[in-house]
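Written below as structure tokens is the structure these notes are about.
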Amino acid sequence: MSESSKDAFFVQQVEHWYQYHQRPLPWRQKPTPYTIWLAEIIFQQTRIEQGLSYYLRFIKKYPELPILAKAEEDEILRMWQGLGYYSRALNLLKTAKILTERGGDFPHEVQELMSLPGIGPYTAGAIASIAFGQRVPLVDGNVTRLFARFFGIESPVNHPNTIKIIHSKAEGLVNLSDAPSNYNQGLMEMGSLLCKPVKPSCNECPLSQECSAHHNNKVAILPLKSPKPQKSNRYLYYVFIEKDGKIAVHKRDNQDIWKNLYQLPLLLDTSSIYEKTEFELRHRNLEKMSTIRHILTHQILHLTIYRAEKFFDQNKKKEIRYVETSLLGELAFPVPFQKFFEKILT
DNA sequence: CTCCTGATAG
DNA sequence: CTATCAGGAG
């Protein structure tokens with residue numbers, strides 16, 4: 001098959017497959033710029049099963065953009081609690097406020113969409129394509145994987161040059177479609193449901209007869225990725241202080257992990273093994289309530305929570321807030337703290 | 001390069 | 001139980 005007829009075959013098969021196999025996801029019933037945007041932000045770096053209940057709670061509480069724009073940041077973070085990548089929640093609120101101030105409409109153009117907080121090339125393309133029907137390419141992780149296999153792209157897919165190759169391929173293909181929005185969604189849906197990372201369903205895939213990886217027995221090794229950076233250790237020491245049924249907590253800043261979430265009063269945050277050892281020696285008389293290992297993408301967190309009567313760091317004392325135990329659920333905490341509270345306050 | 005978490009494989 | 005994997009923006 002010639003390259004151009006192979007491309008036409010590809011587009012036609014994707015569109016046809018999507019027509020019969022798409023999942024009935026909530027934002028597909030009646031797609032609006034707002035629902036598509038909200039869904040795309042929630043599902044960045046997040047699998048459908050993991051984020052679906054969050055999407056449903058958001059759309060119920062904030063059915064329209066101006067309602068979301070009026071929400072408090074702490075409330076949004078509480079709604080986002082447990083989803084991870086908390087800057088997404090902060091940017092969601094920022095963009096809602098910006099757009100509402102400008103009159104409440106989403107821009108139609110990719111470039112303008114990309115100037116909004118939290119909207120990068122993929123999300124801008126998704127809104128332009130799905131909500132406004134524009135003929136723009138859409139490349140997410142699913143599409144990258146499917147392309148790498150179907151077209152036999154053997155350079156690492158996280159390299160800038162490979163990304164460029166995939167984007168230009170995506171652009172060429174979307175131009176062959178007569179329903180760009182459905183074609184784009186079909187592509188991602190096929191990547192997600194058939195061309196899965198492990199054990200892809202090639203036998204059910206209408207593309208397999210022309211798929212490079214399928215023919216060359218390379219499905220299991222494509223796409224290629226360059227190795228991940230190694231994780232560093234980080235040691236965090238907290239105190240659990242309970243006074244008159246209230247717990248001492250304070251808010252993190254937005255310069256680091258767990259942006260603007262709450263945590264227990266922090267005594268030490270270090271990556272130095274010497275500092276860690278010295279600190280533990282100095283505090284060996286304190287009761288260790290809990291030690292937790294929590295793994296992030298680039299670091300392994302070692303949390304130690306001591307029981308204490310009062311907070312002894314006078315410099316940070318003013319940042320501490322005492323919260324009723326029953327009201328802890330109103331504040332957003334990182335997952336390790338949620339688990340700690342569950343254990344302690346049953 | 002940095003941000004998070006849950007699912008699943010070993 | 002530990003390790004690996006998946007998923008875009010700044």
Side-chain angles (χ1 to χ4, degrees), chain A residues 36-55 77 79-95 110-111 113-127 129 137-146 148 156-160 162-163 166-167 170 184 187-189 191-200 220-234 236 252-261 263 271 292-303 332-340:
Chain A
I36 295 299
W37 166 68
L38 180 61
E40 294 301 342
I41 300 296
I42 288 177
F43 295 106
Q44 280 169 15
Q45 309 298 95
T46 303
R47 292 184 312 282
I48 299 289
E49 317 83 71
Q50 197 187 339
L52 193 54
S53 67
Y54 287 83
Y55 175 82
L77 286 171
M79 295 278 288
W80 203 269
Q81 170 175 264
L83 251 191
Y85 291 119
Y86 297 98
S87 58
R88 290 185 293 170
L90 305 181
N91 285 332
L92 188 81
L93 185 57
K94 277 191 205 162
T95 289
V110 168
Q111 285 309 319
L113 285 161
M114 275 181 46
S115 69
L116 293 162
I119 300 185
Y122 167 73
T123 305
I127 297 169
S129 167
L138 206 44
V139 179
D140 72 348
N142 293 309
V143 175
T144 301
R145 184 172 57 251
L146 196 150
V157 293
N158 47 354
H159 276 34
T162 316
I163 293 170
I166 291 175
H167 272 85
N184 278 331
L187 205 48
M188 297 189 290
E189 195 83 330
S192 165
L193 299 180
L194 297 179
C195 202
K196 295 171 287 187
V198 293
K199 292 192 229 162
I221 63 158
L222 293 179
L224 255 48
K225 284 175 199 166
S226 37
K228 293 168 194 217
Q230 71 161 68
K231 297 182 199 308
S232 56
N233 286 304
R234 179 167 170 185
L236 299 140
R252 294 184 63 84
D253 63 33
N254 65 357
Q255 307 297 309
D256 190 12
I257 60 169
W258 296 331
K259 290 182 181 23
N260 291 6
L261 269 66
Q263 63 182 3
S271 296
I292 306 162
R293 210 170 61 118
H294 188 75
I295 302 171
L296 306 180
T297 308
H298 297 90
Q299 45 192 341
I300 302 172
L301 307 180
H302 304 265
L303 319 210
F333 286 89
V335 162
F337 286 101
Q338 290 174 51
K339 290 182 178 162
F340 170 76

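Since the structure is predicted, the reported quantities are computational estimates derived from the model, not experimental observations.
At whole-Å resolution of the value, OH in Tyr85(A) and C1' in dA6(C) are 9 Å apart. Note: CZ (Arg88(A)) to P (dG8(C)) measures 10 Å, nearest angstrom. Atom CD1 of Ile295(A) and atom P of dT8(B) are 18 Å apart (whole Å). Remark: P of dC4(B) and CD1 of Ile292(A) are 17 Å apart, rounded to the nearest angstrom. Taking atom NE2 of residue His298(A) and atom P of nucleotide dA9(C), one finds them 16 Å apart after rounding to whole Å. Atom CE of Met114(A) and atom P of dG8(C) are 15 Å apart (whole Å). Regarding Tyr55(A), its OH atom lies at a distance of 19 Å from the C1' atom of dG7(C), rounded to whole Å. Regarding Trp37(A), its CH2 atom lies at a distance of 17 Å from the P atom of dG8(C), rounded to whole Å.
Lys231(A) contributes a side-chain N or O that, together with a main-chain N or O of Thr297(A), makes up a donor-acceptor pair within less than 3.5 Å. Listed for the Ser232(A) side chain is no donor-acceptor partner under 3.5 Å among the backbone atoms of Gln299(A). Between the side chain of Lys225(A) and the main chain of Asn158(A), no donor-acceptor pair closer than 3.5 Å is present.
Between Val198(A) and Ser87(A), it is Ser87(A) whose nearest contact on DNA chain B lies nearer the 5' terminus. Comparing Pro117(A) and Thr46(A) along DNA chain C, the residue whose closest nucleotide (by nearest heavy atom) sits nearer the 5' end is Thr46(A).
For Tyr122(A), whose side chain is taken as the heavy atoms from C-beta onward, the closest listed nucleotide among dA9(C), dA3(C), dC4(B) is dA9(C). Of the listed nucleotides (dG6(B), dG8(C), dC3(B)), dG8(C) has the atom at the smallest distance from the side chain of Gln45(A). Picking from dA9(C), dA6(C), dT5(B) the nucleotide with the shortest atom distance to the side chain of His294(A) gives dT5(B). Set against dT5(B), dT2(C), dC5(C), the side chain of Pro334(A) has dT5(B) as its closest nucleotide. Here dA7(B) is the nucleotide among dA7(B), dA3(C), dG7(C) with the atom lying nearest to any side-chain atom of Arg47(A).
Residue Ile41(A) holds its CD1 atom at 14.5 Å from OH of Tyr85(A), rounded to the nearest 0.5 Å.
Nucleic acid contact for Ile257(A): sugar-phosphate only, since backbone atoms but no base atoms lie under 4.0 Å from a heavy atom of the residue. Within the nucleic acid shown, Gln81(A) has no heavy atom closer than 4.0 Å to any nucleic acid atom.
Within the structure, a side-chain polar atom (N or O) of Thr123(A) is placed less than 4.0 Å from OP1 or OP2 of dA9(C). At dT5(B), none of the side-chain N or O atoms of Trp80(A) fall inside 4.0 Å of OP1 or OP2 (strictly under the cut-off). Under 4.0 angstrom from either OP1 or OP2 of dA6(C) there lies at least one side-chain N or O belonging to Lys225(A). A sub-4.0 Å separation between OP1 or OP2 of dG7(C) and a side-chain N or O of Asn142(A) is present.
One side chain, Tyr122(A) or Glu40(A), offers a donor N or O that lies under 3.5 Å from an acceptor on the other.
The shortest heavy-atom contact between Ser129(A) and Asn184(A) is OG-ND2, 2.9 Å.
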